[in-house]
**Q** 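Structure provided below as structure tokens; questions to follow.
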Amino acid sequence: MGLESHALGATITSVQILRDSCVRRSPGGPIGFAAAVVGARIDAVVRRGKFLWLDLDGGALALSAHLGMSGQFRVASVPAPTPHPHCRARFTLDGPEGPLALDFLDQRTFGYLDSEPLIATPDGLPGGLGSASPLVPDSVAHIGRDVLDPALRRARVLGQWRRGSRGIKQLLLDQTLVSGIGNIYADEALWRARVHPATPASGLSGRAAGALLEASREVMAEALAAGGTSFDALYVNVNGESGYFDRSLNAYGRGGEPCPRCGRPLMRAVMGGRSTHWCAQCQRTRARG
DNA sequence: AGTAGCACCTGATTGC
DNA sequence: TGCAATCAGGTGCTAC
């Protein structure tokens with residue numbers, strides 16, 4: 001269910017914080033958070049990487065969210081009287097078609113909600129996907145543009161990657177350079193571009209780096225298409241329940257299974273503290289040209 | 001400056 | 001049977 005189609009133009013009429021830690025980054029705590037957002041009108045739903053925010057009341061303030069690894073928003077016109085056990089916050093919205101419940105669910109509690117001022121982007125281009133507004137919340141300013149963002153400066157990202165001494169997988173996961181690529185999709189992009197995850201980024205040719213960025217874009221676009229077009233599609237079923245995960249993952253989580261491309265057993269190891277899966281046969285140190 | 005390592009957290013799974 | 005250890009994920013902080 002798309003958040004945008006239901007939330008746009010609606011007014012937040014109440015907030016119920018079911019678990020205080022979901023607003024742990026909000027200086028005013030549950031009370032301050034509620035005071036900031038209740039009564040506000042939702043003017044836009046915007047995403048950059050794994051950050052999501054709602055422009056409120058003409059763009060001075062945002063309700064920002066990070067969904068962590070298991071967070072999601074659910075909209076219901078007839079909400080369950082007892083919220084889901086993983087529901088951390090429940091908003092009541094007053095939309096054109098009547099009241100709606102907007103639940104913030106987050107099983108593993110890495111996600112959070114906050115209210116923040118919006119600040120201008122340095123380039124004056126739209127701050128994220130979903131809105132033409134050149135504003136982003138404070139906490140998003142240091143995050144690089146989304147891999148699917150038309151305003152992404154591609155050549156700049158490639159230069160930053162190739163300047164790093166870390167393995168290319170770690171750079172792929174560095175959200176300050178380009179955002180949106182998580183651990184699962186990083187492995188998939190590397191597999192697709194035939195790049196070994198431990199390749200020193202400085203050793204990648206420009207061509208190889210370009211192929212990897214393009215593969216990342218493709219993987220993210222396909223994941224979004226498979227999960228729908230809603231903003232929360234990236235985060236739904238991160239535990240592996242979705243059809244996309246079942247059918248389309250070529251490398252992630254498949255250590256020991258045959259590589260779908262060459263049949264050799266896939267490898268698994270921890271790199272940069274994250275589980276990493278690759279094919280030693282067809283992922284060498286260079287990308288296909 | 002750039003990088004490495006860890007804390008945060010919870011439920012499912014595995015091991016004893 | 002029951003309890004304990006392990007694991008997964010993204011970000012932000014501290015320490016080098």
Side-chain angles (χ1 to χ4, degrees), chain A residues 17-27 29 47-53 64-73 83-89 104-114 116 128 136-147 156-157 159-190 197-204 216 219-220 223 227 231-242 244-246 249 251-256 268-277:
Chain A
I17 301 297
L18 301 173
R19 190 189 171 101
D20 286 1
S21 67
C22 80
V23 288
R24 63 189 175 278
R25 302 193 62 81
S26 201
R47 171 176 87 75
R48 177 188 287 214
K50 301 156 190 166
F51 289 82
L52 174 75
W53 68 92
S64 59
H66 194 288
L67 303 188
M69 61 174 285
S70 58
Q72 56 179 285
F73 281 106
H84 189 281
H86 299 151
C87 183
R88 308 309 184 201
F104 174 65
L105 280 66
D106 188 16
Q107 181 199 106
R108 293 186 188 176
T109 70
F110 271 21
Y112 55 81
L113 303 170
D114 199 359
E116 300 182 81
V136 295
D138 252 341
S139 67
V140 180
H142 70 291
I143 297 296
R145 286 190 174 278
D146 193 275
V147 69
R156 183 162 176 262
V157 171
Q160 287 169 320
W161 278 1
R162 297 174 65 207
R163 210 175 301 136
S165 63
R166 290 175 287 173
I168 186 59
K169 164 143 186 188
Q170 284 163 268
L171 282 147
L172 260 183
L173 292 175
D174 187 337
Q175 305 291 305
T176 67
L177 306 178
V178 59
S179 63
I181 306 167
N183 193 45
I184 294 168
Y185 298 111
D187 280 4
E188 291 301 304
L190 287 159
T199 307
S202 56
L204 274 185
S216 306
V219 165
M220 296 307 295
F231 285 99
D232 51 6
L234 277 175
Y235 309 96
V236 170
N237 289 326
V238 289
N239 294 319
E241 293 106 347
S242 83
Y244 175 80
F245 279 55
D246 291 344
L249 291 185
Y252 183 84
R254 298 196 182 282
R268 180 191 180 280
V270 173
M271 293 184 191
R274 291 287 168 256
S275 69
T276 300
H277 313 75

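The sequence lines fix the lettering, A, B, ..., with proteins before strands; numbering per chain opens at 1. The shown structure was predicted, so the numbers you read here are calculated from the model rather than taken from an experiment.
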**Q** Please write out each protein N/O paired with an N/O of nucleotides 2-5 of chain B under 3.5 Å, distance rounded to 0.1 Å.
**A**
| residue | atom | partner | partner atom | Å |
| --- | --- | --- | --- | --- |
| B:dT3 | OP1 | A:Ser165 | N | 2.8 |
| B:dT3 | OP1 | A:Ser165 | OG | 3.1 |
| B:dA4 | OP2 | A:Gln170 | NE2 | 3.4 |

**Q** Please report, rounded to the nearest Å, how far the C1' atom of B:dC8 is from the CZ atom of A:Arg88.
**A**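 After rounding, the gap between these two atoms is 14 Å.
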
**Q** If I take atom CZ in residue A:Phe51 and atom P in nucleotide C:dG12, what distance separates them, rounded to the nearest angstrom?
**A**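 It works out to 5 Å between those atoms.
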
**Q** Rounded to whole Å, how long is the line connecting atom CZ of A:Arg24 with atom P of B:dA7?
**A**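 These atoms are roughly 16 Å apart.
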
**Q** In whole Å, what is the span from the CD atom of A:Gln175 to the C1' atom of C:dT11?
**A**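 One finds 9 Å between C1' of C:dT11 and CD of A:Gln175, rounded.
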
**Q** Closer than 4.0 Å, any side-chain N/O of A:Tyr112 to the OP1 or OP2 of B:dC8?
**A**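 Checking B:dC8 against A:Tyr112, no side-chain N or O comes under 4.0 Å of OP1 or OP2.
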
**Q** Would you say A:His142 reaches C:dG12's phosphate, i.e. side-chain N/O to OP1/OP2 under 4.0 Å?
**A**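 Affirmative; the distance criterion is met.
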
**Q** Apply side-chain contact (heavy atoms from CB on, under 4.5 Å) to A:Leu177 and list each qualifying residue two or more places apart in sequence or on a separate chain.
**A**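 So A:Leu177 forms a side-chain contact (heavy atoms from CB on, under 4.5 Å) with A:Gln160, A:Trp161, A:Leu171, A:Asp174.
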
**Q** What residues, two or more places apart in sequence or in another chain, satisfy side chain to side chain donor-acceptor pair (under 3.5 Å) together with A:Ser165?
**A**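 Here no residue qualifies.
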
**Q** Mind checking what makes side-chain contact (heavy atoms from CB on, under 4.5 Å) contact with A:Ala65, not counting sequence neighbours?
**A**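 Listed in chain order: A:Leu67, A:Phe73, A:Leu113.
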
**Q** With A:Thr276, which residues qualify under side chain to side chain donor-acceptor pair (under 3.5 Å), at least two apart?
**A**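 By the side chain to side chain donor-acceptor pair (under 3.5 Å) rule, A:Thr276 matches A:Lys169.
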
**Q** Measure CZ/A:Arg108 against P/C:dG10 and give the value in whole Å, please.
**A**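 It is 11 Å, rounded to the nearest whole Å.
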
**Q** With rounding to the nearest 0.5 angstrom, report the CG to CZ distance, A:Asp146 to A:Arg47.
**A**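 These two atoms lie 4.0 Å from each other.
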
**Q** Residues two or more places apart in sequence or in another chain: which of them pass side-chain contact (heavy atoms from CB on, under 4.5 Å) with A:Arg25?
**A**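 A:Tyr112, A:Asp114.
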
**Q** Distances under 3.5 Å only, N/O to N/O: pair up the protein atoms with those of nucleotides 14-16 of chain C.
**A**
none

**Q** To the nearest Å, how far apart are A:Arg268 CZ and C:dA8 C1'?
**A**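 Distance check: A:Arg268 CZ to C:dA8 C1' gives 9 Å.
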
**Q** Side chains of residues 137-145 of chain A: which donor-acceptor partners sit under 3.5 Å, not counting sequence neighbours?
**A**
| residue | atom | partner | partner atom | Å |
| --- | --- | --- | --- | --- |
| A:Ser139 | OG | A:Glu116 | OE1 | 3.2 |
| A:Ser139 | OG | A:Glu116 | OE2 | 2.8 |
| A:His142 | ND1 | A:Ser139 | O | 3.2 |
| A:Arg145 | NH1 | A:Pro126 | O | 2.7 |
| A:Arg145 | NH1 | A:Asp149 | OD2 | 2.8 |
| A:Arg145 | NH2 | A:Asp123 | OD1 | 3.2 |
| A:Arg145 | NH2 | A:Asp123 | OD2 | 3.4 |
| A:Arg145 | NH2 | A:Pro126 | O | 3.1 |

